[in-house]
Every structure is written in C-alpha cells, then in structure tokens.
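Note that the coordinates shown come from a computational prediction; the quantities given were computed from them, not determined experimentally.
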Amino acid sequence: MYDLKSLYEAGSVQDAVRLRLEHPEAQILAGGTDVLVQMREGKRAGKELISIYGINEMRGVSLDGDENIRIGSLTSFSHITKDPIIQKYINVLGEAVDMVGGPQIRNAGTIGGNTCNGVTSADSASTLFAWDAVVELTGKDGVRRLPIQAFYLAAGKTDVRPDEIQTAILIPKASYENCFGHYIKYAMRSAMDIATTGCSVNVVLSPDKKAIARARIAYGVAGPIPMRAPSAEKAAGGKPLTADTAEAFAQAVLSDIQPRDSWRASKAFREHIAVELAKRCLTEAVKRAGGEWA
C-alpha cells in the first residue's frame with residue numbers, strides 16, 4: 001500500500017533530532033494526513049520516514065510562566081477546538097482549525113504538520129499570523145524561536161533546519177490579552193474543501209469601546225504564503241467604530257495582498273472576496289469585543 005524505504009519511530013524530541021541527523025533525507029511523519037496520502041499517490045515513493053507521533057510531550061495546550069499560550073506541535077485540530085485555554089483566550093483559532101477537512105482529518109491532523117507544510121491555504125495559518133504567533137524549533141544546538149512571518153519562506157517552504165523539528169507554537173500574552181477575533185473561510189464547497197481565500201481579523205477596542213485601539217488582519221491564499229495586511233491595520237488603528245472606518249479598512253487590503261489567477265478563482269474575484277471578508281471579519285470581531293458600530 002505504501003512504498004517506503006524505512007520507518008523510524010522517535011521516542012522523544014532529542015531522539016527525533018538524532019534521527020534527523022542520521023537520516024537527512026527522511027520525511028517527518030506526524031498525523032500523516034498529508035504525507036501518507038502523497039505516498040499512496042507515488043509522490044514520495046521509496047522515502048524514509050521518521051514518525052514523531054509517539055512523542056507525547058509535544059501534545060497539549062498550556063500557559064507558560066509569562067502566560068503565553070503554548071500549543072504543542074502534535075496537538076490535533078480536534079483537541080485545539082475543544083481546549084478550554086483556546087476557548088477562553090483565542091477561540092477564533094479553534095473555530096479556524098475546525099474547518100479543516102472532516103472529523104477524521106481533524107482527529108489525526110496536527111497544528112505542526114499544518115504549518116510545516118508551508119501552504120498558503122492552511123486554515124490555521126492566517127489566524128496564527130494575525131495573532132503574532134511564534135514558532136518553536138528544537139535541534140542539536142537547542143531551542144530556536146522565530147515569528148511565524150519569518151518561518152514561512154516561500155510557497156511550500158518553511159525555515160526548518162536539517163537537524164530540527166517544530167516542537168510548539170506560542171501565542172504571546174500581549175497578542176491575545178483583551179483581543180477578540182473572527183475567521184472566515186471562503187470555499188466553493190461548505191465542507192471538505194481547500195480555501196479559495198481565508199481571512200482572520202482580531203481587534204482590541206478602546207476602554208470605552210467606541211474606537212479600535214488595534215486591529216490585525218491576515219489572509220491565506222492572497223499570496224504565495226499567508227500574509228498580514230499592514231495598510232489595513234494602519235487604516236483602522238485609533239479610528240472610531242463607524243461605517244467609514246470599516247470601509248477604509250477593507251479597501252486598504254488591496255494595497256497589500258497578492259492574489260493570482262488559478263483554476264479555483266481569478267485574481268479579480270479573490271480581490272473582491274478579500275475586501276468583503278475583511279469587512280465581515282472586522283464587524284464580527286468588534287461585536288465579540290463588546291463594541292457597537294455607529
């Protein structure tokens with residue numbers, strides 16, 4: 001069924017690092033929802049695999065000493081959606097990963113695998129970008145952390161060094177505190193489909209809840225990698241909750257996104273959808289934050 005050369009099972013993070021060094025051409029196997037399908041299609045025929053699925057220390061959601069949210073890279077989508085820490089502080093991430101595939105995929109698929117694939121359509125990616133996530137990588141020289149914006153290098157390529165595995169994703173307290181968000185996935189089908197465009201917005205309102213103190217927005221499938229829209233963020237920051245603010249915010253995304261024509265949708269259609277999604281996501285994020293539009 002699967003044409004593979006060898007399968008190695010790592011029992012710990014350091015064991016996985018060792019196996020990476022000993023077998024530099026081997027493919028990391030986490031949940032297997034992408035890799036095993038590709039092997040069945042013959043795209044990875046004859047490859048070596050290093051399974052990290054048994055490393056339980058890489059599972060779960062917790063708060064560290066500084067109240068940053070730590071999500072182990074082997075945490076499944078289903079667990080993220082149901083986790084009480086996620087539901088309390090960044091429920092939008094749980095909602096986003098709950099749109100990945102079907103129940104079987106969400107039970108097996110992992111947040112680490114979803115991000116390490118480097119694809120712009122990953123449902124987790126735009127929300128992680130919008131929340132200033134930090135990626136933790138562990139290798140022979142120890143732990144390395146970098147902003148998720150720097151982790152994505154190009155379409156399908158991420159900054160994982162030959163000796164490293166991704167061990168966690170961190171959401172800084174400064175990113176989630178008093179912050180509320182919303183994610184919309186636009187796809188041709190309502191389920192089991194890759195996003196044509198995905199948009200994630202979060203806001204922090206002023207103390208009187210009449211203005212936007214901070215807004216962040218990120219997209220999937222608006223360029224070769226997930227991306228933020230800084231022009232839109234600037235257009236909304238410090239502005240009152242009015243229709244003009246929402247319109248300026250939405251139109252400003254056109255200065256930043258880089259959609260392309262494909263068989264799924266034209267560039268013009270993606271631009272149209274991006275503007276509309278920005279407006280809808282901002283409207284709902286403000287509502288969740290307790291604000292009312294004038």
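A side-chain donor-acceptor contact under 3.5 Å links Thr167 and Glu136. A donor-acceptor pair shorter than 3.5 Å cannot be found between the side chains of Ser78 and Thr81. Between the side chains of Thr127 and Ser200, at least one donor N or O sits under 3.5 Å from an acceptor N or O. Checked by atom type, the side-chain pair Thr242/Asp244 shows no donor-acceptor distance below 3.5 Å. No hydrogens or angles considered: a donor-acceptor pair under 3.5 Å links the side chains of Asp123 and Tyr183.
A 6.0 Å sphere centred on CD of Glu48 holds more than 12 heavy atoms belonging to other residues, nucleotides or ligands. For Glu22, the CD atom counts as densely surrounded, since its 6.0 Å shell holds more than 12 non-hydrogen atoms of other residues, nucleotides or ligands. Counting heavy atoms of neighbouring residues, nucleotides and ligands inside a 6.0 Å radius, atom NZ of Lys234 does not exceed 12 of them. Heavy atoms of other residues, nucleotides or ligands lying less than 6.0 angstrom from CZ of Arg280 number 12 at most.
Side-chain atoms of Val97 and Asn114, non-hydrogen and from C-beta on, never get closer than 4.5 Å to each other.
Distance CD1/Ile165 to CD1/Ile28: 6.5 Å, rounded to 0.5 Å.
Aromatic ring pairs are classed by plane angle as parallel below 30°, tilted from 30° to 60° and perpendicular above 60°; the pair Phe129 and Tyr152 is perpendicular.
At distances below 3.5 Å, at least one donor-acceptor pair connects side-chain atoms of Arg270 with backbone N or O atoms of Arg260. Looking at Asp64, its side chain never comes within 3.5 Å of a backbone N or O of Arg70 through a donor-acceptor pair. Within the 3.5 Å criterion, the main-chain N or O of Val119 finds no donor-acceptor partner in the side chain of Asn117.
Taking the ring axis of Tyr53 as reference, the NZ or CZ atom of Arg59 stays within 45° of it and closer than 6.0 Å to the ring centre.
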